[in-house]
Amino acid sequence: MLNTTCDDTFAIMETNLRISCNRFLSIMLILFMALGCSRENTSVSENSRISESVDFLDTAAANAIDSDSPIHPISGPQNLSKDKVSLGEMLFHEPRLSSNDSISCAHCHNLAAGGGDSLPGSIGVNGGQGDVNSPTVFNAGLNFSQFWDGRAETLGEQVEGPIHNPVEMDSNWPDIVDKLSIDNEYRTLFSQIYSDGITDRNIVDAITVFEQSLVTVNSPFDRYLMGENDAISVNAKLGYEKFKEYGCVACHQGSNVGGNLYQQFGVMGDYFADRGLEIRKSDLGRYNVTGLDDDKYVFKVPSLRLAVLTAPYFHDGSAPTLKDAVRIMIKYQIGRTASEEDEELIIEFLHSLVGDYKGKRLGQ
Amino acid sequence: MSAGEWKPKLIIFAAIAVLTFLFFKTKIADADKYHELVLEIQNLSYQDSLVNESILKLNTDLFANYDSLASQSRKIKNRLDRLKYTHPELHSQQSTDIVRAINEAEEQFESKLLLVERFKSHNGVLKNSLYYLPTAVQDSLKNSDNKIFYSDLSHLLRTILLFNTRPTDQYMDQATMYIEKIKKSEQPDLQEIALHAANIIKQRNKLLNIIDSLFAVPAKQSVDNIYHSYSSHYATKVKSATRYRIAMYVMGLVLVMYMLHLFLSLRRTMRSLENTLGEVAFQKNALDESAIVASVNTEGVIDYVNEKFCRISQFTKNELIGQPREILMDGFHTVNDIPEIWTQCARGESWTGELNKQKKDGTDYWVEATIVPFLDKDMVPVKYVALLTDITDRKLVEEKNYHLAHYDFLTKLPNRILYTSTIENALPSAIESESKVAILFIDLDNFKQINDTMGHATGDELLKFVADHLSCSIKDSDIVSRLGGDEFTIGLFNLKSSHDVELVVENIMSITKVPVLIDQKSITVSFSVGVSMFPDHANDVSTLLKTADLAMYKAKSEGKNKCVYFRDGMAQHDLSRRAG
């Protein structure tokens with residue numbers, strides 16, 4: 001009788017002891033874990049510092065090589081999500097992005113025709129007339145800013161512009177999201193890529209990624225720059241020399257042959273006076289963005305990569321042909337008169353700048 | 001659960017909570033985040049220096065395009081945006097100075113990048129003229145109409161180029177002078193040259209101003225400011241994190257000590273418990289050795305018996321455990337007492353008493369039992385422990401003493417004490433049942449003579465024989481006693497009439513007719529019997545005996561070997577006889 005009682009008491013005491021020991025151990029474990037964590041931290045941060053400095057070097061090296069010649073070849077888009085590119089392409093051609101389902105991005109940025117339209121000012125919903133010439137969407141990602149006046153820094157910001165412009169798409173995000181959400185295909189495609197499905201941000205993202213894929217690679221001139229001497233004609237080579245000689249290359253340089261600085265339209269002559277038309281708001285250019293007097297009539301220097309395919313020319317579309325454009329440029333920007341022969345040579349050179357999209361030479 | 005059990009648990013949980021709190025507090029100074037941000041800030045500074053480098057290289061024609069400058073400008077904007085929007089720790093309430101520094105840097109870079117754009121534009125215009133001027137001059141020199149301006153043209157080109165690389169007032173004045181000269185010509189190509197040369201001077205001066213103010217923008221200082229304010233902010237965080245870490249360490253130590261204390265006290269308690277248990281085990285052992293122990297649970301089932309119990313009862317443990325408790329209590333003890341034992345024990349009181357029990361083989365044994373209820377803390381019995389002592393030997397001695405005191409040693413018949421008490425006890429019930437009690441006083445005739453002639457041994461044998469004979473002559477409910485010497489007395493109970501007495505007397509007298517063989521000697525026995533009846537002749541034992549004695553003497557005097565019933569006259573006669 002007494003034995004059993006003793007045994008029971010023993011067992012209880014033993015269990016208590018074991019529980020106490022376990023608690024003791026778990027607290028020690030927490031302590032050691034805490035110490036361990038603080039140690040781990042230092043090692044991680046050292047690693048990240050090393051990788052970041054490698055990144056610095058990369059950029060610096062790339063800069064050094066790129067800066068040797070005024071123009072350098074376009075490299076193809078890298079690391080773009082294929083799903084996003086194809087979704088973006090669908091959206092780019094999607095008229096439901098406009099208020100009355102009539103206008104898509106591609107409406108004014110015709111990819112088959114060089115990424116712009118052939119009108120001085122684009123036509124928006126309900127026949128609205130845009131006040132500027134639509135620039136090509138090709139190689140837009142290589143531009144340092146978007147729009148003629150550079151009011152958007154990035155492609156993503158740019159997308160917002162036409163969507164809301166009353167003479168372009170005249171729409172808004174809630175309507176667009178509502179319209180696309182009805183579509184099963186979009187719902188599936190978005191949910192495959194984005195966890196939050198169809199949203200304004202995701203639409204912009206897909207279109208942006210698609211636009212980043214719109215680069216014209218492998219142009220004859222790029223091949224020439226990379227050492228393929230026969231890639232362009234003798235006249236094109238001569239044209240390039242003229243292009244440099246006349247000083248065009250002072251502004252039209254870089255991989256996009258322009259698109260990386262602003263310049264006043266009419267530095268060497270009063271273009272707008274000679275144009276004879278009333279000065280419109282859009283003629284003020286960058287002034288509309290900064291409000292600085294120095295920025296009046298200042299525009300982004302456009303890329304000449306697809307110049308031969310994107311008539312008419314200038315922000316106002318006032319030059320119907322390339323020849324007109326070259327002549328106006330030489331007169332008002334360079335302050336010279338060029339011979340017909342030189343103009344032809346320069347145009348020949350400009351032809352060699354047209355590259356391929358989806359493996360096919362644009363404009364052919 | 002009692003307060004004593006809650007306390008250590010509460011302390012441990014509180015300590016864990018405090019430790020966790022401290023652990024997260026030590027994380028406020030996140031070294032990882034700090035390095036990441038410092039890197040970010042350094043990178044901004046680095047991009048700024050790259051911009052400076054690009055400006056200088058473009059200015060000196062080492063760079064031929066603006067791609068890298070454009071990408072550096074973009075990077076600066078991105079990094080500023082990142083600093084501004086993606087690092088919440090830079091925008092806490094305690095870091096307004098950091099926010100101010102970032103905003104200031106943003107302003108500085110905004111003005112710097114605006115100047116960068118201006119630089120690009122003006123540099124473009126300048127380069128355009130610079131690229132053109134040498135060929136334009138050469139082309140003009142080929143033109144014979146311009147002969148008079150030859151030296152002016154070549155001087156102009158030289159001074160303009162010199163001015164472009166070393167823009168001094170002297171060169172500028174000279175160049176301006178040549179430009180004025182050339183302007184006088186009507187030739188359009190010379191007019192163009194003059195225009196471009198003037199443009200070079202204008203743009204170069206403009207660029208100089210732009211570059212000067214561009215480098216004067218304290219962009220790098222503003223980045224350093226971000227770094228300094230963030231670093232000092234971080235340093236205070238590190239300080240407080242260190243304090244928390246020390247607190248965590250101390251807390252950990254305290255906790256370890258407390259656990260150690262608990263551990264040790266637990267060990268102590270265990271050891272003392274072990275000792276206590278050892279003692280208890282010893283005492284239990286001692287008890288088992290000294291006493292017969294059994295226990296019964298509250299359902300009345302035996303759940304423990306010790307070795308001694310088995311030994312004395314001759315039952316095995318298996319036969320006893322699981323049996324109802326009545327087995328413990330069986331025996332001579334009146335059955336009515338047993339429920340009383342249990343009710344008394346159920347009240348929490350112990351019970352003590354003697355029990356006569358039977359072994360497995362049917363023999364009797366006596367125990368003195370103490371039944372103790374084992375109470376829980378609410379004073380409710382959880383089991384009953386029976387501690388038994390073997391008192392069989394004592395009982396035997398007691399029985400022997402009783403026998404010695406109440407029985408005749410020789411004949412084993414009850415002696416006078418037992419006899420008188422038996423009669424005394426019988427009288428009240430006789431009154432109640434209106435029955436009679438007879439007292440027979442029997443004297444062996446001529447015993448002295450037999451004793452003298454045949455020896456005491458034969459006399460004793462004779463007395464034994466008589467005792468047996470008398471015992472056989474009566475019913476079991478009656479009593480025969482030897483009063484001493486050759487005197488016997490018989491008490492007969494539940495008599496209806498004196499006739500019942502006569503039958504017994506006849507039985508007694510039946511052996512007086514023929515001699516009996518005692519100790520191989522033939523002896524003729526004769527009795528003188530006196531009978532006294534209750535309530536006819538007396539009301540108490542001593543008077544009854546006296547009257548029976550008187551009647552016996554009458555029988556002796558009338559010739560022995562006969563029976564005489566008491567009559568009232570005998571008393572006087574006897575007194576006179578005694579007197580005589």
Side-chain angles (χ1 to χ4, degrees), chain A residues 1-3 6 9-10 13 16-17 20-21 23-24 27-28 30-31 34 38 41-42 44-46 48-49 52 56 59-60 62-63 66-72 144 153 244-251 253-256 260-264 267-268 290 292 294 298 301 333-337, chain B residues 12 15-16 19 23 26 30-32 35-36 39 43 46 50 57 62-70 73-74 77 114 117-118 120-121 123-132 135 192 195-196 199 245 248 252 255-256 259 262-263 266 269-270 273 277 280-281 284 293 295 303-304 383 385:
Chain A
M1 179 272 311
L2 285 168
N3 257 341
C6 295
T9 323
F10 255 135
M13 292 301 274
N16 278 344
L17 184 69
S20 309
C21 284
R23 277 186 202 147
F24 180 76
I27 286 163
M28 291 307 284
I30 291 172
L31 279 177
S38 48
N41 276 345
T42 45
V44 167
S45 54
E46 268 162 26
S48 64
R49 208 177 313 156
E52 187 78 15
F56 279 9
T59 324
N63 283 345
D66 286 349
S67 308
D68 280 339
S69 85
I71 299 171
H72 45 95
F144 82 136
E153 287 270 323
K244 291 195 280 189
E245 214 171 79
Y246 275 87
C248 310
V249 83
C251 293
Q253 35 60 54
S255 62
N256 212 9
N260 58 8
L261 78 158
Y262 299 111
Q263 193 56 274
Q264 197 186 341
V267 249
M268 303 300 280
T290 64
L292 300 171
D294 281 355
V298 168
V301 173
Q333 299 305 104
I334 296 177
R336 292 186 60 180
T337 44
Chain B
I12 288 166
I16 289 172
L19 271 180
F23 174 71
T26 59
D30 187 345
D32 226 1
H35 288 303
E36 189 192 320
L39 232 47
N43 198 320
Y46 174 73
L50 283 182
K57 283 186 170 171
L62 287 170
F63 274 0
N65 67 54
Y66 303 113
D67 277 1
S68 41
L69 188 54
S73 306
R74 171 69 62 83
K77 283 179 198 162
L114 186 70
E117 289 311 320
R118 294 260 182 284
K120 276 150 73 178
S121 304
N123 196 46
V125 180
L126 171 70
K127 289 287 146 67
N128 152 29
S129 292
L130 272 177
Y131 291 147
Y132 168 56
T135 41
E192 239 175 41
L195 182 70
H196 280 275
N199 189 42
R245 196 170 292 128
M248 186 166 82
L255 199 60
V256 168
M259 296 300 296
L262 281 187
F263 186 78
L266 205 62
T269 316
M270 242 186 88
L273 190 73
L277 288 177
V280 169
K284 184 242 171 196
V293 184
S295 84
D303 59 6
Y304 176 78
K383 55 167 62 181
V385 182

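Within every chain, numbering begins at 1; the chains are lettered A, B, ... in the order of the sequence lines, protein sequences first and strands thereafter. Quick note: numbers below take in every heavy atom, side chains included, and nothing from hydrogens, waters or symmetry partners. For clarity, every value in this text was computed on a predicted model and none was experimentally measured.
- In this structure, B:E117 and A:F144 have side chains that are in contact, with non-hydrogen atoms separated by less than 4.5 Å.
- Between atom OH of residue B:Y132 and atom CD of residue A:E245 there is a gap of 10.0 Å, rounded to the nearest 0.5 Å.
- For a residue to count as touching a neighbouring chain, one of its non-hydrogen atoms must lie under 4.5 Å from one of that chain's; by this rule A:Y246 touches chain B with the backbone only.
- When side chains are defined from C-beta on, B:Y66 counts as touching A:Q253, because their heavy atoms get closer than 4.5 Å.
- Of all heavy-atom pairs spanning B:R74 and A:E153, the tightest one is NH2-O, 2.7 Å.
- The two atoms that bring A:S69 and B:A64 nearest to each other are C-CB, 3.9 Å, heavy atoms only.
- Side-chain contact check for B:K127 versus A:V249: every heavy-atom pair is 4.5 Å or farther apart.
- In terms of non-hydrogen atom pairs under 4.5 Å with chain A, the most contact-rich of B:A15, B:S121, B:G124, B:S73 is B:S121.
- Side-chain contact between B:L114 and A:L292: present, with at least one pair of heavy atoms (C-beta onward) separated by less than 4.5 Å.
- At least one donor-acceptor pair under 3.5 Å links the side chain of B:N128 to the backbone N or O of A:Q333.
- Residue A:Q264: no heavy atom, backbone or side chain, is found under 4.5 Å from chain B.
- With values rounded to the nearest 0.5 angstrom, A:T337 atom OG1 is found 4.5 Å from B:E192 atom CD.
- Between the CG atom in B:N65 and the CG atom in A:N256 there is a gap of 11.5 Å [rounded to 0.5 Å].
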